[in-house]
Novice: 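What follows is a structure written as C-alpha cells; I'll ask about it next.
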Amino acid sequence: MPTPLDIATKVASSVGSLTLGTNCFAGPIRDVGEGIPNTAVFVVGTGGFPVEAYLDGGDKGGLEKPTVQILVRSDRNDFSGGVTLADSVLAAIDMTPPTGYIEARTTTSDPIYIGTDDTGHHEWSINVTLTK
C-alpha cells in the first residue's frame, strides 16, 4: 500500500470519530461537498529522506524514510473540536507506527494551526517521518 494510505488507514482505525473513505482520506485536501464533510482528515505524501543503507554497505537494501503531512479540517464554528481531533490524530500516529513500519514520529509536539481556508474552516498540519 502507498504510505499515505497506510497512515490514513492507521489513523481512521485509531480515532473513533474517523472512518476511512468517509471523513479520513489518503490524498490532497478536498473541498466540502459531494460526500466530503466539513470535518475531515487528509494524508498526503511529502517525499521523505534518502534510503539509509544497512551496515553491510547496502548490499541487502536499507531503511526507507518516507514522510507524510496529515491535514485536519474542522467545521467553521468548531475550533475546539478541531483542536481535539488534531490532538487525537497526532496521538494515534506518534510512536505507534502502522504494520510494516518500524517507527512513526511526528516532527512537532503539537499539531500546527495553519489558520482558516477560503471558506472559514480551521486547519491543522501534522508532519510525520516514518521508517520501514
Side-chain angles (χ1 to χ4, degrees):
M1 241 187 295
T3 301
L5 183 55
D6 290 339
I7 301 309
T9 302
K10 166 72 173 164
V11 167
S13 68
S14 301
V15 178
S17 63
L18 296 177
T19 302
L20 188 66
T22 300
N23 60 355
C24 184
F25 305 93
I29 199 163
R30 293 188 260 171
D31 293 335
V32 174
E34 298 183 28
I36 308 298
N38 286 292
T39 301
V41 173
F42 304 89
V43 183
V44 294
T46 55
F49 299 96
V51 174
E52 291 181 19
Y54 292 133
L55 291 177
D56 66 2
D59 291 349
K60 296 182 174 86
L63 296 174
E64 295 178 34
K65 305 283 272 186
T67 57
V68 298
Q69 181 178 44
I70 304 171
L71 297 160
V72 177
R73 177 177 67 207
S74 75
D75 195 288
R76 291 179 200 111
N77 302 316
D78 194 14
F79 178 82
S80 63
V83 169
T84 300
L85 177 58
D87 286 343
S88 296
V89 168
L90 186 141
I93 196 64
D94 189 40
M95 296 190 287
T96 56
T99 302
Y101 293 79
I102 298 167
E103 184 177 49
R105 295 302 307 257
T106 58
T107 60
T108 58
S109 298
D110 287 316
I112 302 163
Y113 181 65
I114 54 178
T116 56
D117 65 10
D118 293 340
T119 59
H121 293 86
H122 299 280
E123 295 180 322
W124 291 262
S125 173
I126 301 164
N127 300 298
V128 184
T129 300
L130 300 128
T131 304
K132 66 178 184 172

Novice: Once rounded to the nearest 0.5 Å, what's the spacing between atom CD1 of Ile114 and atom NE2 of His122?
Specialist: 12.0 Å
Novice: How far apart are the C-alpha atoms of Leu130 and Glu103, what are their side-chain angles, what is the distance that settles it, and do they pass the side chain to side chain contact (heavy atoms under 4.5 Å, CB included) test?
Specialist: CA-CA 5 Å; Leu130 300 128; Glu103 184 177 49; over 6 Å; no
Novice: Please report the shortest heavy-atom distance between Phe42 and Arg30, naming the atom on each side.
Specialist: CE2-N, 3.4 Å
Novice: Could you measure the distance from the OG1 atom of Thr119 to the CG atom of Asn38? Nearest 0.5 Å is fine.
Specialist: 7.5 Å
Novice: To the nearest 0.5 Å, what is the distance between NZ on Lys132 and CD1 on Ile102?
Specialist: 10.5 Å
Novice: Establish, from distance only, whether the side-chain atoms of Ser125 and Gln69 form a donor-acceptor pair under 3.5 Å.
Specialist: yes
Novice: Could you go through residues 5-19 and list every donor-acceptor pair under 3.5 Å that involves a side-chain atom there, pairing it with any protein atom two or more places apart or in another chain?
Specialist:
from	atom 1	to	atom 2	distance (Å)
Asp6	OD2	Tyr101	OH	2.5
Thr9	OG1	Leu5	O	2.7
Ser13	OG	Thr9	O	3.2
Ser13	OG	Lys10	O	3.0
Ser14	OG	Lys10	O	2.8

Novice: Do Phe25 and Leu20 share a hydrophobic cluster, counting only Ile, Leu, Val, Met, Phe, Trp and Tyr and linking them when any side-chain heavy atoms are less than 4.5 Å apart?
Specialist: no
Novice: Apply the side-chain hydrogen bond (donor to acceptor under 3.5 Å, both in side chains) test between Thr46 and each candidate in Thr3, Thr67, Asn127; give the one that qualifies.
Specialist: Thr67
Novice: Evaluate Trp124 against Asp110 for side chain to side chain contact (heavy atoms under 4.5 Å, CB included), listing each step before the verdict.
Specialist: CA-CA 10 Å; Trp124 291 262; Asp110 287 316; over 6 Å; no
Novice: Using the side-chain contact (heavy atoms from CB on, under 4.5 Å) definition, which of the options Val43, Ile70, Thr107, Asp87 pairs with Ile126?
Specialist: Ile70
Novice: I'd like to know if the side chain of Arg73 reaches the main chain of Pro37, judged simply by a donor and an acceptor atom lying under 3.5 Å from each other, with no hydrogens or angles considered.
Specialist: yes
Novice: So, for Ile93 and Pro98, which heavy atoms are closest and what is the spacing to 0.1 Å?
Specialist: CD1-CD, 4.1 Å
Novice: I would like to know whether Val72 and Leu90 meet side chain to side chain contact (heavy atoms under 4.5 Å, CB included); could you show each step before the answer?
Specialist: CA-CA 10 Å; Val72 177; Leu90 186 141; over 6 Å; no
Novice: Minimum heavy-atom separation for Asp78 and Ser74, please, with both atom names.
Specialist: O-OG, 3.3 Å
Novice: Same hydrophobic cluster for Val89 and Phe79, using side-chain heavy-atom links shorter than 4.5 Å among ILVMFWY?
Specialist: yes
Novice: Stepwise, does the side chain to side chain contact (heavy atoms under 4.5 Å, CB included) test hold for Asn23 with Thr39?
Specialist: CA-CA 7 Å; Asn23 60 355; Thr39 301; 5.9 Å; no
Novice: Are Val128 and Phe49 in one and the same hydrophobic cluster, where Ile, Leu, Val, Met, Phe, Trp and Tyr link if side-chain heavy atoms are under 4.5 Å apart?
Specialist: no
